[in-house]
Asks: 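Have a look at this one.
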Amino acid sequence: MLTITRATYDAIVAHAKRDHPDEACGIVAGPEGSDRPERLIEMVNAAGSPTFYEFDSTDLFQLYKEMDARDEEPVVVYHSHTATEAYPSVTDVKLAGEPNAHYVLVSTREHGNDEGPVEFRSYRIVDGQITEEEIQVVEAFSSLG
Amino acid sequence: MAIEVRIPTILRTYTAGEKSVSGAGGTLAALIDDLEANHAGIKDRLIDNGDLRRFVNVYVNDEDVRFLGGLEAELKDGDQVVVLPAVAGGAR
């Protein structure tokens, strides 16, 4: 299960809507081993495409260096699909490189840049296998005790 | 000649879970051959048809190796090599 705060959930949705019709992408980092997505980092989609996303290689390096220095790991890797459902494509599965991450997909196909609900789903992608998981939205992590 | 190589999570199955391993080689190609000798299988995850895989990024001392000559990039003792899988995908 993915547990995520309301603020982070809303920020991912806002990013996806803002970048529509291009795919939006980013990471939510958290302390290593915590499984808590705490620090959202919006990334530039270097592909600038409605059907593909890719972190710029230099940005990627800086991001991982920074996470390393802070003892963080990518807890969530998110991106949007802008004309199709929020389900991992063949490409998404082939390129999924973080076996410990929650892969969040948001679909903006219904309302685009406008207000309105989006599909927001989360998956594990390991060894080519997709496993959808439940999402629990909380106000704050501390409230979990 | 020792070169530190940082291994991403997804390739740590080849390094018994180690985040970082030591290797040797005067070029990136030679380093990868040396890694393969100690961590069988890793080369195929880095190289395809004699070239670096499109969605694998390798950095030498903070620089993307594609700007340093790719597999022919020269390495020296004390260099730090970082391997990161691209974060990429898309609707198709």
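Atom set for the values below is all heavy atoms of this structure, side chains included, hydrogens, waters and symmetry mates excluded. Each chain gets a letter, A, B and so on, in the order the sequences are listed, and its residues count up from 1. Nothing here was measured: the structure is a model prediction, and the numbers come from that model.
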Asks: Please determine, by modelled atom types, if A:S57 and B:N57 share a side-chain donor-acceptor pair under 3.5 angstrom.
Replies: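 No - no donor-acceptor pair under 3.5 Å links their side chains.
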Asks: I'd like to know if B:V60 and B:L71 are part of one continuous hydrophobic network [Ile/Leu/Val/Met/Phe/Trp/Tyr, side-chain heavy atoms within less than 4.5 Å].
Replies: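 B:L71 and B:V60: one cluster.
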Asks: Sort B:R66 into side chain, backbone, both or neither according to what part of it lies under 4.5 angstrom from a heavy atom of chain A.
Replies: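 Neither part.
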Asks: At a heavy-atom separation under 4.5 Å, does A:T51 approach chain B through its side chain, its backbone, both, or neither?
Replies: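 For A:T51, backbone and side chain are both near chain B.
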Asks: Could you look at A:V77 and say if it's the side chain, the backbone, both or neither that has a heavy atom under 4.5 Å from chain B?
Replies: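 Contact with chain B is through the side chain of A:V77 alone.
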Asks: Does any backbone or side-chain atom of A:A46 lie under 4.5 Å from a heavy atom of chain B? Answer side chain, backbone, both or neither.
Replies: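 Neither part.
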Asks: Evaluate the side-chain proximity of B:V87 to A:M43: yes if any heavy-atom separation is below 4.5 Å, no if none is.
Replies: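 No, every pair of side-chain atoms sits at 4.5 Å or beyond.
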Asks: With chain B, which of A:E73, A:H79, A:E85, A:H81 has the greatest number of heavy-atom pairs at distances under 4.5 Å?
Replies: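 Ranked by contacts with chain B, first place is A:H81.
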Asks: With a 4.5 Å cut-off on heavy-atom pairs, point out which of A:L105, A:L60, A:N45 contacts chain B the most.
Replies: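 Of A:L105, A:L60, A:N45, A:L60 has the most heavy-atom pairs under 4.5 Å with chain B.
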Asks: Counting only heavy atoms closer than 4.5 Å, note whether A:F55 contacts chain B via side chain, backbone, both or neither.
Replies: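 Its backbone and side chain both get close to chain B.
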Asks: For the interface with chain A, which of B:D62, B:V56, B:V82 has the highest count of heavy-atom pairs at distances below 4.5 Å?
Replies: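 Of B:D62, B:V56, B:V82, B:D62 has the most heavy-atom pairs under 4.5 Å with chain A.
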Asks: Please say yes or no: joined through hydrophobic side-chain contacts below 4.5 Å, possibly via intermediate residues, are A:I125 and B:F55 part of one cluster?
Replies: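 No, separate clusters.
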Asks: Under 3.5 Å, is there a donor-acceptor pair between the side chain of B:T9 and the main chain of A:E98?
Replies: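 Looks like no, no N/O pair under 3.5 Å.
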Asks: Can you measure from CZ (A:F61) to CG (B:D64) and round to the nearest 0.5 angstrom?
Replies: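 Interatomic distance, A:F61 CZ to B:D64 CG, rounded to 0.5 Å: 10.0 Å.
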Asks: Any idea which heavy atoms bring A:S89 and B:A91 closest together, and the distance?
Replies: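 Result for this residue pair: CB-O, 3.6 Å.
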Asks: Check each atom of A:K94 against the heavy atoms of chain B and say whether the ones under 4.5 Å are side chain, backbone, both or neither.
Replies: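 Neither; nothing under 4.5 Å.
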Asks: If you round to the nearest 0.5 Å, how far is CG of A:N100 from CD1 of B:I10?
Replies: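 Separation between the atoms: 9.5 Å.
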Asks: Count I, L, V, M, F, W, Y as connected when their side-chain heavy atoms are under 4.5 Å apart, and connections chain through other members. Are A:Y103 and A:L95 then in the same cluster?
Replies: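 Hydrophobic grouping puts A:Y103 apart from A:L95.
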Asks: At a 4.5 Å cut-off on heavy atoms, which part of A:D68 comes close to chain B: side chain, backbone, both, or neither?
Replies: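 Only the side chain of A:D68 comes within 4.5 Å of chain B.
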Asks: Charged N to carboxylate O below 4.0 Å: is that the case for A:E32 and B:K19?
Replies: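 Yes.
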Asks: So, does A:E54 use its side chain to make a donor-acceptor pair with the main chain of B:A86 at under 3.5 Å?
Replies: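 Looks like no, no N/O pair under 3.5 Å.
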Asks: Where do A:F52 and B:A88 come nearest, in terms of heavy atoms and distance?
Replies: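 Looks like CZ-CB, 4.1 Å.
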